[in-house]
Amino acid sequence: MPSDKPRERWIDVAKGIAIILVVFLHAAFPVVTDVHVWHWVDYSAVLESFRMPLFFFMAGIFASRVLAMRLRDVIDLRVLKFSWLYVLWSIITGVVVVWGVFHALQLPGHVGELLMDSSGPNGATWFIFAIALYFLVGWFARKLPFAVQLSLAFVLTMLCESGLVVDPASSWGKVGKYFFFFLLAAQIGPRLREFVPRLRLWHTLIAPVVYAALVVVARWQGWLGTDSSSAQHLVVWFLLSVLAVAAGCSAAVLLARWAAFDWLFQLGSRTLYVYLLQWYPLAAGWLIISSIDVIPPLLEPFLVPLLTAFAIVVSLIIHRLTKRAAVLYDQPAWLHLPRRWVTRAEGPASVETAAADAERRPVSPDTEIGRGQTPHVS
């Protein structure tokens with residue numbers, strides 16, 4: 001039954017939408033053969049301006065709370081955590097997927113090279129690298145006027161998407177061009193969360209309809225061409241990306257009202273684990289597909305959706321089986337900075353210090369990137 005109070009549920013629903021699209025894109029990689037991909041590469045490319053802007057926006061929705069802390073607490077609670085996860089899972093992915101699967105079974109090497117990009121953050125875990133960097137840069141930029149912060153981030157986005165300084169499809173290009181959306185969420189997140197409960201049903205339909213219409217027109221007119229440095233491409237791509245954030249949030253608010261989409265809410269509270277673990281069931285799925293001599297034409301359109309669902313479900317199962325090994329999903333105790341105790345003579349601790357101490361308390365393994373959500377109890 002529908003509910004009139006989506007509250008914070010819409011945040012996890014939006015994350016669930018984003019992670020499905022991310023895994024879907026990866027499932028459509030032509031690793032084994034072009035047959036299993038069908039036409040999904042083209043359809044997935046249409047959503048290029050939707051996936052990551054929404055994903056990074058939702059990753060930054062609670063960032064303002066952390067960015068208000070001292071630098072040492074930001075480093076301790078976010079930079080070290082995500083740096084640890086990036087290094088650890090880069091090594092695991094390189095050994096298990098790239099070397100163990102692609103090398104040992106002589107599968108096409110171009111995807112392996114994509115996952116382990118030696119020129120920058122690797123393609124398998126670059127999102128984690130970006131989050132660590134964003135918190136650090138965001139802290140140093142926090143005292144600048146809001147307009148100045150967004151203007152600088154916008155310039156960086158345009159430079160990276162245009163290809164003038166870096167390949168927009170490379171890991172460094174993606175790290176650079178999505179900082180704008182993380183920073184935007186950090187700035188407007190608190191106001192947005194207060195505004196969302198006042199939305200009516202018809203309000204939530206406006207942004208998705210406008211975004212869908214613009215996507216159709218842009219594809220029909222060829223506005224998103226191969227020349228990424230053209231002014232037309234940059235304007236349309238950025239406009240679509242901003243609208244995608246509004247459309248994704250609006251759709252999430254709408255879906256959060258319905259109990260039928262509780263599964264999307266549950267998935268959204270576990271996006272970090274799905275992102276880290278997706279490559280292993282995907283590799284298993286590719287191996288299964290490669291063992292099929294002839295794929296029936298009627299089955300081709302369903303392989304990528306099935307592989308997407310398989311990767312997500314198996315990722316959640318792997319996490320449930322391994323979540324007791326906390327170092328796989330959080331920084332180990334020895335990696336925390338030494339705590340600075342406040343004596344009575346020094347007076348009461350600041351709000352930021354108290355918040356940082358609260359962050360250090362033991363939490364459920366299912367706690368997600370964005371603190372402030374009510375943890376899901378398994």
Side-chain angles (χ1 to χ4, degrees), residues 10-11 13-26 28 39-61 126-127 130 134 150-189 192 196 199 203-255:
W10 71 273
I11 296 176
V13 171
K15 290 180 179 180
I17 294 172
I19 195 63
I20 290 174
L21 295 177
V22 168
V23 178
F24 187 90
L25 169 68
H26 298 157
H39 301 296
W40 289 120
V41 173
D42 295 333
Y43 297 144
S44 185
V46 173
L47 297 174
E48 191 273 334
S49 62
F50 190 100
R51 276 185 306 268
M52 300 316 294
L54 178 62
F55 207 24
F56 277 109
F57 185 87
M58 301 317 301
I61 199 75
W126 69 271
F127 172 81
Y134 289 177
L150 283 189
S151 296
L152 293 175
F154 172 77
V155 171
L156 177 63
T157 295
M158 292 295 98
L159 288 174
C160 292
E161 176 61 20
S162 67
L164 295 178
V165 295
V166 66
D167 180 0
S170 68
S171 296
W172 277 120
K174 290 182 285 189
V175 169
K177 68 183 181 181
Y178 293 124
F179 178 57
F180 175 91
F181 304 97
F182 177 88
L183 192 61
L184 179 65
Q187 293 290 341
I188 71 171
L192 180 62
V196 160
L199 289 176
H203 292 149
T204 64
L205 301 176
I206 297 174
V209 170
V210 173
Y211 173 78
L214 186 55
V215 166
V216 171
V217 173
R219 295 285 292 183
W220 177 44
Q221 296 292 335
W223 289 343
L224 290 173
T226 56
D227 184 9
S228 61
S229 63
S230 67
Q232 182 185 79
H233 171 90
L234 293 175
V235 170
V236 174
W237 178 85
F238 183 76
L239 181 59
L240 280 174
S241 298
V242 173
L243 281 174
V245 171
C249 291
S250 297
V253 172
L254 177 61
L255 297 179

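The chain is numbered in sequence order, starting from 1.
Distance check, rounded to the nearest 0.5 Å: CG of L254 to CG of L205 gives 6.0 Å. Between the CG atom of L25 and the CD1 atom of I20 there is a distance of 14.0 Å, given to the nearest 0.5 Å. To the nearest 0.5 angstrom, D167 atom CG is 14.0 Å from W172 atom CH2. Between atom CG of residue L234 and atom CG of residue L159 there is a gap of 9.5 Å, rounded to the nearest 0.5 Å. Atoms OG and CH2, on S162 and W237 in that order, are 10.5 Å from each other to the nearest 0.5 Å.
Between V166 and G173 the shortest heavy-atom distance is CG1-CA, 3.6 Å. Nearest heavy-atom pair across S49 and A244 is O-CB, 3.3 Å. Across all non-hydrogen atoms, the minimal contact from A185 to I61 is CB-N, 3.8 Å. Looking at every heavy atom in both residues, A153 comes nearest to L183 through CB-CD2, 4.0 Å. The nearest pair of heavy atoms linking P168 to G163 is CD-CA, 3.8 Å. Of all heavy-atom pairs spanning A207 and S250, the tightest one is CB-OG, 3.7 Å.
Qualifying ring pair (Phe, Tyr, Trp, His ring centres under 6.0 Å) partners for F50, counting only residues two or more places apart in sequence or in other chains: Y211.
Relative ring orientation between F56 and W126 is described as tilted, the plane-to-plane angle lying within the 30° to 60° band. Between F127 and F55, the ring-plane angle classifies as parallel under the 30° and 60° cut-offs.
By the 4.5 Å heavy-atom criterion applied to side chains, V196 and I11 are not counted as neighbours. A heavy-atom distance below 4.5 Å is found between the side chains of I17 and L255. Side-chain contact between T157 and F179 is absent, with no heavy-atom pair separated by less than 4.5 Å. Considering only heavy atoms from C-beta on, L156 stays 4.5 Å or farther from F180 through its side chain. Under the 4.5 Å side-chain criterion, counting only non-hydrogen atoms from C-beta, C249 is in contact with M58. W10 is not listed as a side-chain neighbour of L199, based on a closest heavy-atom distance of 4.5 Å or more. The side-chain heavy atoms of K177 and M52, taken from C-beta on, include no pair separated by under 4.5 Å.
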Kindly indicate, with the supporting measurements, whether the criterion side-chain contact (heavy atoms from CB on, under 4.5 Å) is fulfilled by F181 and L54. CA-CA 8 Å; F181 304 97; L54 178 62; over 6 Å; no
Show the numbers, then the answer: is there a ring pair (Phe, Tyr, Trp, His ring centres under 6.0 Å) between Y134 and Y178? CA-CA 10 Å; Y134 289 177; Y178 293 124; 8.7 Å; no
